[in-house]
2 protein chains.
Amino acid sequence: MTKQRQITLKDIAQKLDISVSTVSRALRNDSAVNAHTKKAISRMAKQLNFEINQVAQSLHKKKTKALGVIVPNLTNNYFAASISGIQDMAAKKGYNVIICQSNESYEKEVNILRTLANGRVDGLLISLSRETNNYDHLQKVLYRGIPLVLFDRICNEIPVSKIVVNDYDGAFKATEHLIQLGRSRIAHIAGPEHLSISKDRLNGYRDALQKYGMNVEQELIRYSSSYEQGAVEQTNELLNLPSPPDAIFAVDDPAAIQAMMVMKERGIKIPEEVAIIGFSNDPNSAHTQPTLSTVAQPAYEIGQIATKHILDQIHQPENSISQTITLNTELVLRNSSK
Amino acid sequence: MTKQRQITLKDIAQKLDISVSTVSRALRNDSAVNAHTKKAISRMAKQLNFEINQVAQSLHKKKTKALGVIVPNLTNNYFAASISGIQDMAAKKGYNVIICQSNESYEKEVNILRTLANGRVDGLLISLSRETNNYDHLQKVLYRGIPLVLFDRICNEIPVSKIVVNDYDGAFKATEHLIQLGRSRIAHIAGPEHLSISKDRLNGYRDALQKYGMNVEQELIRYSSSYEQGAVEQTNELLNLPSPPDAIFAVDDPAAIQAMMVMKERGIKIPEEVAIIGFSNDPNSAHTQPTLSTVAQPAYEIGQIATKHILDQIHQPENSISQTITLNTELVLRNSSK
DNA sequence: TTGAAAGCGATACCAA
DNA sequence: TTGGTATCGCTTTCAA
């Protein structure tokens, strides 16, 4: 199989003995081209199997028709769903999506951002790694005039559009639900301390307790140390307390599911002894035993909305203002909190 | 915030009153550049916050340092894990990954392929949509000399490297396991008919039955019609048979989980009345009630290997031969088949 | 060791 | 309606 050289405008021009400019115009359906010429050109293009070179086009137009996406982890259902939303919306608008995962590493995030920002993409959608608590890399991208939108794992230090769910409200509702179930020692398995989602969910939890006149006990709030197995450790700590919790609100479904595994191993009855509720409505949560109550986040929609925003910014950079869009969550009650 | 113009080699050259060529050489650490000049250039580059324009570089080199990936669906755990493997390996070798989903549509797959192949990527990794049974679009890409590797959802009609698991063997082992459990009416919830994975798994199922002297009954083999809810229908059909099955081998875990839901609704005891086993070792399968037996596929590794292969082809197109790499599966026995 | 100039492929301005 | 030419930013050959 001989590697076929790429067909260019020049090839078509030479075959038809006309100029490259005319070929270019004709293929873009410029009205200032004779109908006959146009027809001949498009016929020849088809015959030669011509496909335009997007790289050359990008260089000239300074537009790549590509969006960059950086997420902590692709295998997390939440991010997979968001990306699916991003990808569908981008495709609809004629954009490609370059996806990178930071693997929860700040250093990787910085590197990826640097390479993506070098003319490869017209805009960036980012969900921050759990390690990220310095935002110079984002600031740099902004300074270079590249549109940027944060989603889910955002930070408040950077003035860009952000798409999030109402984490505070979701956490509040989840905690309130456990209270109304009659639980009195409600623990919280918290997320990485400096992430805004962790803070917001923790605050929702705290405020719900306070609204119902319950104490916020520090020993019932546990932060994870490692990402993968964090909740295992936290759950064990909670269950080992002299006075263990009778309910747990976990920062996300993976954490909740880990907690459930620990409790099952220890023979603790869910929800009779300990009720539990997660966050994110991971597909897994509908299949656990017992099925897991959770707070549903519209992941796919977040991806779509974030994409719509970045495209708006790309197409009309002048009249686009940074705004934070907060979507609502929904309590999904299942058997783990009955 | 004023949009900063992109810094180019020319800017550095002008500031230092030297030529663009020298700047280009220096930044690539060409030995034929005076050490002093080099130092001055790299200092200036840093000072101006210079980042090379990859699009211009790509145009010249005819290399984009990007790989294209097309999968049917990003939210499927199997594909998410494969992509994670692709992405990690690609990043390690300095490549970006452009990810697209065909949403199981042949038409979309063709379109995506067309746009990606236009100079955007140096190679393509594809897992075919369930609708795809014409391979002209792949042939075209091959003819244009763009390296191509198929993984998981492959076809045998195109002479390229393929990375798959031993679907036949996995299915055989799964079916054999059900037989050894003492089950006598073992059904198969099959995948889309023309996909090679469906065929191979079906054959493994058939041969296992035959090896043990059991009949292959057509009524116990059910193909899904729609993708999303296919297994629901198939399961109901099976359970409504005059003589329903006492075991089910499902083409993948999502299908198996759907089947379990149907059986639970109908009050059928798993595994006492009907044992079930899936395929792919989806993370969900460890959390279902009962936990789901399955056949584990090394999704992440498949992604890594596929990427290694495409990179080999890109770097040494001459001595790369098309080969099919078959990875082994592993039986994961849980409570749904005890 | 350095510079000038051509070229990658497409677009757009200015002339004709 | 068409063609010539400069340009996008970088690389590379040829000459100096």
Practice item. Describe the nucleic acid contact of B/S21 in one word from base, sugar-phosphate, nothing, applying a heavy-atom distance below 4.0 Å. Key: base
Exercise for review: Using the closest heavy atom to pick a nucleotide of DNA chain C for each, name whichever of A/Q57 or B/K38 lands nearer the 5' end.
Suggested key: B/K38
**Study point:** Sugar-phosphate, base or nothing in reach of B/K62, heavy atoms under 4.0 Å
**Key:** sugar-phosphate
Check your understanding: Which whole-number value in Å describes the distance from B/K39 NZ to C/dT1 C1'?
Key -> 17 Å
Review point. Are A/S19 and A/T22 close enough that a side-chain donor and a side-chain acceptor fall under 3.5 Å?
Key: yes
Review point. With a non-hydrogen cut-off below 4.0 angstrom, is A/T37 in contact with a base, only sugar-phosphate, or nothing?
Key: sugar-phosphate
Review point. Quick one: A/Q6 CD to C/dG9 C1', roughly how many Å, whole number?
Key: 8 Å
Review point. In whole angstrom, what separates A/N53's CG from C/dG7's P?
Key: 18 Å
Exercise for review: Take A/E104 and A/R153, measure what salt bridge (charged side-chain N to carboxylate O under 4.0 Å, His left out) needs, and give me the verdict at the end.
Suggested key: CA-CA 11 Å; A/E104 300 284 4; A/R153 300 262 203 97; 2.9 Å; yes
Practice item. Would you mind classifying the nucleic acid contact of B/R28 as base, sugar-phosphate or nothing, using non-hydrogen atoms under 4.0 angstrom? Key: base
Check your understanding: B/N118 has an atom CG; how far is it from atom P of C/dC8, in whole Å?
Key -> 19 Å
Exercise for review: Drop me the distance from B/M44's CE to B/I18's CD1, to the nearest 0.5 angstrom.
Suggested key: 9.0 Å
Review point. Once you round it to whole Å, what is the distance between C1' of C/dG9 and CG of A/L48?
Key: 16 Å
**Study point:** Spacing between A/K63 atom NZ and C/dA10 atom C1', to the nearest angstrom
**Key:** 17 Å
Review point. With a non-hydrogen cut-off below 4.0 angstrom, is A/V20 in contact with a base, only sugar-phosphate, or nothing?
Key: base
Study note, to complete from the structure: Under a 4.0 Å heavy-atom criterion, DNA chain D is touched by chain A from D/dT1 to D/dG9
Practice item. Return no unless some side-chain N or O of B/S19 is found under 4.0 Å from OP1 or OP2 of C/dG3. Key: yes
Point to revise | Distance, rounded to the nearest Å, where B/L59 contributes CG and C/dA6 contributes P | key: 17 Å
Review point. Does a donor on one side chain sit under 3.5 Å from an acceptor on the other, for B/T132 and B/S129?
Key: yes
Exercise for review: Give a yes or no on whether the backbone of A/S105 and the side-chain of A/N103 come within a donor-acceptor separation of less than 3.5 Å.
Suggested key: no
Check your understanding: Taking atom types as modelled and ignoring hydrogens, do the side chains of A/T75 and A/N73 form a donor-acceptor contact shorter than 3.5 angstrom?
Key -> yes
Practice item. Please tell me which of the listed nucleotides, C/dG3, C/dT11, C/dG9, lies nearest to the side chain of A/K61? Key: C/dT11
Check your understanding: Taking atom C1' of C/dT11 as reference, at what distance in whole Å does atom NZ of A/K10 sit?
Key -> 16 Å
Practice item. Using a strict cut-off of less than 4.0 Å between a Lys/Arg side-chain nitrogen and an Asp/Glu carboxylate oxygen, indicate whether B/E131 and B/K108 qualify as a salt bridge. Key: no
**Study point:** Side chain of B/A32 - closest among C/dG3, C/dT2, C/dG9
**Key:** C/dT2
